[in-house]
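First listed ligand is number 1; within each ligand, the first listed atom is number 1.
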Amino acid sequence: MVKIAPSILSADFARLGEEVARVECADWLHVDVMDGMFVSNISIGVPVVKSLRRVTDKFLDVHLMIEKPVRYIDAFADAGADLLSVHLEADLPPGIHAALEAMERRGVKKGIVLRPITAAEAVLPYIKDVDLILVMTVEPGFGGQKFMADQLPKLAAIRAYIEKYNPACRLEVDGGVDPVTAPQVIAAGADVLVAGSAVYGAADPAAAIRTLRGE
Ligand code: DX5
Ligand code: ZN
């Protein structure tokens with residue numbers, strides 16, 4: 001079953017509790033953390049995750065778009081994140097391994113993320129140790145961008161690696177997922193779909209979630 005993770009980046013931050021309630025039928029909540037360095041934008045951080053944790057039991061899928069993320073694993077674990085994903089481009093390999101080890105110690109699910117420029121093979125040193133691989137289908141930093149269809153072969157290649165090396169690993173897609181592109185990423189092997197504008201930009205977010213799921 002495909003999971004839908006609405007991205008609260010497209011929500012109204014002044015009414016975040018209500019915005020979370022509007023997507024009650026979703027499977028996960030996707031939280032985009034940006035530091036103004038790894039990506040040019042600055043979004044939200046640890047205190048917002050902590051506040052979200054108080055108002056929802058939903059699985060909090062926290063996407064860290066920050067340099068050297070190992071520095072913040074404990075803080076986001078303390079705040080109540082269920083899964084943390086770190087960009088492979090955000091540190092040298094020892095730093096990425098250290099971040100994953102910190103997640104393991106804290107009992108948080110472990111994810112790695114690939115920018116569009118990063119090749120499928122980059123997951124191979126980590127694939128046996130992670131719970132989720134996230135493939136970006138836009139340049140990270142902003143919601144509402146156009147889906148990059150050239151990432152579909154990469155998704156399919158990573159799906160094949162997952163079947164071979166770690167079948168329990170989830171394959172998530174983030175960026176430009178809407179009712180047209182959702183069936184394409186599902187066909188390529190994705191099983192968790194992040195959607196910001198397609199959910200929060202819809203008149204009825206719950207109906208949008210069901211459409212993305214293919215219901
Ligand atoms: C972009 C973020 C996404 C963003 C997706 O850097 O990682 O999660 O919210 O927004 P949409 O679904 O509008 O492309
Ligand atoms: Zn994201």
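Each of the following atoms of ligand 1 lies closer than 4.0 Å to a heavy atom of H63: 7 (O). If you number the atoms of ligand 1 from 1 as listed, the ones under 4.0 Å from a heavy atom of M136 come out as 7 (O). With ligand atoms numbered from 1 in the order given, ligand 1 contributes 8 (O) to contacts under 4.0 Å with heavy atoms of V194. Those atoms of ligand 1 with a heavy atom of D174 less than 4.0 angstrom away are 2 (C), 3 (C), 4 (C), 5 (C), 7 (O), 8 (O). Taking every heavy atom of G141 and a limit of under 4.0 angstrom, the matching atoms of ligand 1 come to 1 (C), 6 (O). Close contacts between ligand 1 and P140 involve ligand atoms 6 (O) [criterion: under 4.0 Å to a heavy atom]. Near S197, the atoms of ligand 1 lying under 4.0 angstrom from a non-hydrogen atom of the residue are 11 (P), 12 (O), 13 (O). The contact set between ligand 1 and D32, taken as ligand atoms under 4.0 Å from a residue heavy atom, comprises 2 (C), 3 (C), 4 (C), 7 (O), 8 (O), 9 (O).
Scanning the protein for heavy atoms near atom 12 (O) of ligand 1, the closest one is G196 N, 2.8 Å. Counting only heavy atoms of the protein, atom 9 (O) of ligand 1 lies nearest to S7 OG, 2.8 Å. Looking only at protein heavy atoms, the nearest one to atom 10 (O) of ligand 1 is G143 CA, 3.5 Å. In this structure, the protein non-hydrogen atom closest to atom 1 (C) of ligand 1 is F142 O, 3.5 Å. The shortest contact between atom 14 (O) of ligand 1 and any protein heavy atom is with G176 N, 2.8 Å.
No more than 12 heavy atoms of other residues, nucleotides or ligands lie within 6.0 Å of NZ in K50, so this atom counts as exposed by the packing criterion. Around OH of Y126, the count of heavy atoms belonging to other residues, nucleotides or ligands within 6.0 Å exceeds 12.
If you take CG on D82 and CG on D57, they are separated by 9.5 Å, rounding to the nearest 0.5 Å. The structure places CD of E163 at 9.5 Å from CG of L171, a figure rounded to the nearest 0.5 Å. Annotation: the span from C25 atom SG to R213 atom CZ amounts to 5.5 Å, rounded to 0.5 Å. Note that CD1 of I117 is 9.0 Å distant from CD of Q151, once rounded to the nearest 0.5 Å. Rounding to the nearest 0.5 Å places NE2 of H30 at 3.5 Å from CG of D32. Atom CG in N41 sits 7.0 Å away from atom CG in L9 (nearest 0.5 Å).
Ionic pairing of R159 and D191 is present here: one or more N-O contacts between side-chain nitrogen and carboxylate oxygen are shorter than 4.0 angstrom. A salt bridge links D78 with R106: at least one charged nitrogen is closer than 4.0 Å to a carboxylate oxygen.
The shortest N or O to N or O distance between M65 and ligand 1 is not under 3.5 Å. Here's the thing with V138: none of its N/O atoms is less than 3.5 angstrom from an N/O atom of ligand 1.
For R115 and F38, the positive end sits near the middle of the six-membered ring, less than 6.0 Å away and at most 45° from its axis.
The two residues L29 and T56 make their nearest non-hydrogen contact at CD1-CG2, 4.2 Å.
Close to ligand 1: G144, with a non-hydrogen atom less than 4.0 angstrom away.
The Zn ion (ligand 2) lies closest to atom ND1 when only the N/O/S atoms of H63 are considered. In terms of distance to the Zn ion (ligand 2), the nearest N, O or S atom of D174 is named OD2. The atom of D32 nearest to the Zn ion (ligand 2) is OD1, with the search restricted to N, O or S atoms.
Using a 4.0 Å cut-off between heavy atoms, A195 contacts ligand 1 through its backbone alone, with no side-chain atom that close.
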